[in-house]
Amino acid sequence: MSPCCWASCRLFFCSSEHFLTSAGWASICCRSTRCWWYFLLVGDVFGLPQVETSRWGGLMLTLVISIVGMAAAFPLGILLALGRRSQLPIIRAVCVVFIEFWRGIPLITVLFMSSVMLPLFLPEGMNFNKLLRALIGVALFEAAYMAEVVRGGLQAIPKGQYEAAAALGLGYWRMMGLIILPQALKLVIPGIVNTFIALFKDTTLVIIIGLFDLLGSIHSAATDPKWLGYATEGYVFAALVFWMFCFAMSRYSQALERRLDTGHSKR
Amino acid sequence: MPATPTSLSPEAVTESIDSMLKATTTPPSPPASRLTVSAQVMIQMIDVNKWYGQFHVLKDINLTVRKGERIVICGPSGSGKSTLIRCINRLEEHQRGRIIVDGTELTNNLKHIEHVRREIGMVFQHFNLFPHLKVLDNCMLAPIWVRKLPRAQAEEMAMHYLKRVKIPEQAQKYPGQLSGGQQQRVAIARSLCMNPRIMLFDEPTSALDPEMIKEVLDTMVGLAEEGMTMLCVTHEMGFARTVANRVIFMDGGEIMEENEPTEFFNNPRSERTKLFLSQILHH
């Protein structure tokens, strides 16, 4: 893993005391191997029946889409932001085109394309998971937004920091991963969380490709004759759940900002 | 050679040619007290030219720095002195001419550039400490990631140099909690942790309060006494007088005058140098 990814992981998972230690690494590795929840979702172990992803639904689907979306969009966004500021014209051009393309189309279009249009272009019989396609679409879409947020942070870092890092003999990736990104990402925590919150709420759009997230499940329940007349309660409950998650993210970001504050002057 | 003006006697002409030759070809011989300078050439700049767009910043700079030499570069602002020393570790790129640092020529080759940067320490006017890292981590970062030293050894070295600059008690603080003078001393310690063979100082005291200047200059004098090769852009003429082997005066992107400090201050040769010295010494 490059120092770049390492810096982003460090910012969101480890405390600052872990810097330059293997303990930081250990804690990240440890977290990434905790994939037991995947088996609980998919089943087919410990005598549990296998559950197709097309039958996943409710709050769990909302969480899966948003967490996977965040986890993929964040590092990808950082790479795109770095690429857009790269000295190499080809890399820069690719990143600019990618960002402007994905930022310019609505998420509904992305989801619709991924589930309806994409199979038309794939060879006969080749068919991959609808949920996976939606996840990829969401991740790429959010990565473009994330890239611009991170780029804002990169531009706020004084030139002297780049020069000091270069003068010490650090190469590009170490300079970015150890000096520039930790400072830039810290600056744009509010922007990053803003994007995450937007992503979390945007996951409700997956209903148009036939995936039933929390809101989708309530929506379909409201049409059930047995639940007739309880639509309002359902929607209020959904609003409450969404608010709780978003508020929690907001509080976490504020705590993170406080914890990472070193009371520095921008020099 | 321009045509000899008729008003000058042949003796005067020979004398002026002699002095020109002396100025351009033979470096001033070091006085007896400064014999630490060896013959080994550390930095060689040959006909270096640099432009910022249309603006010609450096014009045919020729400079040879030997091991253990301590050179002070002064001149009015905009004269290219910062650009000159920033070219030496390629924070600025020169467009024509050659720069050879300790046997490695600076070209577009990234490997060579990083190699040269590892051997050169640089101290900036605005310190440029890494604000998100503690003082100790600032000092340990490059030894760990560039020199690949084990953490314990890097920490030991960082503490050694922090003691040298007399602020070991600040090791666990963040740069933002330190005074300007302390921050600059941390910056010096951070550079020293890479065991550089050459130190560049780009106006290290210009952003400091008067009473903090002394603590930074004392550190630099200590470094000079240990035989470090130093190039220092500064307006501290007292420092130049006591520490430097050579003073270089720049104006308009050219080296106007180059001499050992007593001669430089007592007998400036060019009118421009005289004017500059009269302005900074008698205000």
Side-chain angles (χ1 to χ4, degrees), chain A residues 2-4 6-8 10-11 14-25 86-88 153 156-189 256-267, chain B residues 82 85-86 88-92 110-111 113-147 151 154-155 158 172-178 180 183-184 187 190-194 196 199-200 202 207:
Chain A
S2 72
C4 161
W6 185 60
S8 52
R10 189 173 75 78
L11 186 70
C14 312
S15 68
S16 52
E17 292 84 68
H18 280 166
F19 183 65
L20 296 178
T21 64
S22 52
W25 276 101
S86 167
Q87 308 272 329
L88 307 166
I157 303 300
K159 202 164 149 245
Q161 293 289 310
Y162 291 88
E163 289 176 350
L168 285 171
L170 294 168
Y172 177 82
W173 289 107
R174 294 219 174 92
M175 178 191 333
M176 288 301 167
L178 298 169
I179 310 297
I180 307 300
L181 280 175
Q183 295 182 61
L185 294 178
K186 187 166 79 181
L187 279 177
V188 295
I189 288 174
L256 200 60
E257 277 181 69
R258 270 197 302 278
R259 201 177 69 192
L260 294 173
D261 183 29
T262 55
H264 61 261
S265 55
K266 281 278 156 293
R267 275 277 159 82
Chain B
S82 283
I85 69 164
R86 287 157 62 87
I88 295 173
N89 65 356
R90 213 176 171 86
L91 288 181
E92 303 282 354
L110 266 179
K111 283 263 176 304
I113 294 173
E114 278 172 26
H115 177 259
V116 163
R117 284 174 176 167
R118 277 200 290 273
E119 306 305 325
I120 301 183
M122 178 135 186
V123 176
F124 299 85
Q125 182 178 0
H126 294 295
F127 330 134
N128 295 349
L129 293 176
F130 306 130
H132 62 300
L133 300 178
K134 285 175 183 161
V135 164
L136 188 64
D137 288 327
N138 262 278
C139 295
M140 287 162 58
L141 183 117
I144 289 177
W145 289 90
V146 180
R147 291 259 189 250
R151 196 187 151 86
E155 185 169 340
Q172 295 303 325
K173 287 193 184 165
Y174 285 100
Q177 298 164 304
L178 268 54
Q183 288 194 43
Q184 193 61 297
R190 179 177 71 177
S191 294
L192 291 176
C193 282
M194 285 292 282
M199 284 287 284
L200 307 176
D202 188 0

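Below, chain A is the first sequence line, B the second, and so on; all start at residue 1.
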Using a cut-off of under 4.5 Å for heavy-atom pairs, which of B/L91, B/L178, B/V123, B/L200 has the most such pairs with chain A?
->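 Counting heavy-atom pairs under 4.5 Å, the top option is B/L91.
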Pairs of heavy atoms under 4.5 Å with chain A: top-ranked of B/R90, B/R147, B/Q125, B/E114 =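 Among the listed options, the one with the most contacts to chain A is B/E114.
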Of all the heavy-atom pairs spanning [X] and [Y], show the shortest one and how long it is.
{"X": "A/A156", "Y": "A/L187", "result": "CB-CD1, 3.6 Å"}
{"X": "B/A154", "Y": "B/P143", "result": "CB-CB, 4.2 Å"}
{"X": "B/I88", "Y": "B/V116", "result": "O-CG1, 3.9 Å"}

If you tally heavy-atom pairs under 4.5 Å against chain B, which of A/G171, A/A164, A/A165 wins?
->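 Going by pairs under 4.5 Å, I would pick A/A164.
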Distance in Å, B/D137 CG paired with A/L178 CG, rounded so as to fall on 0.5 Å steps =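 One gets 11.0 Å once the value is rounded to the nearest 0.5 Å.
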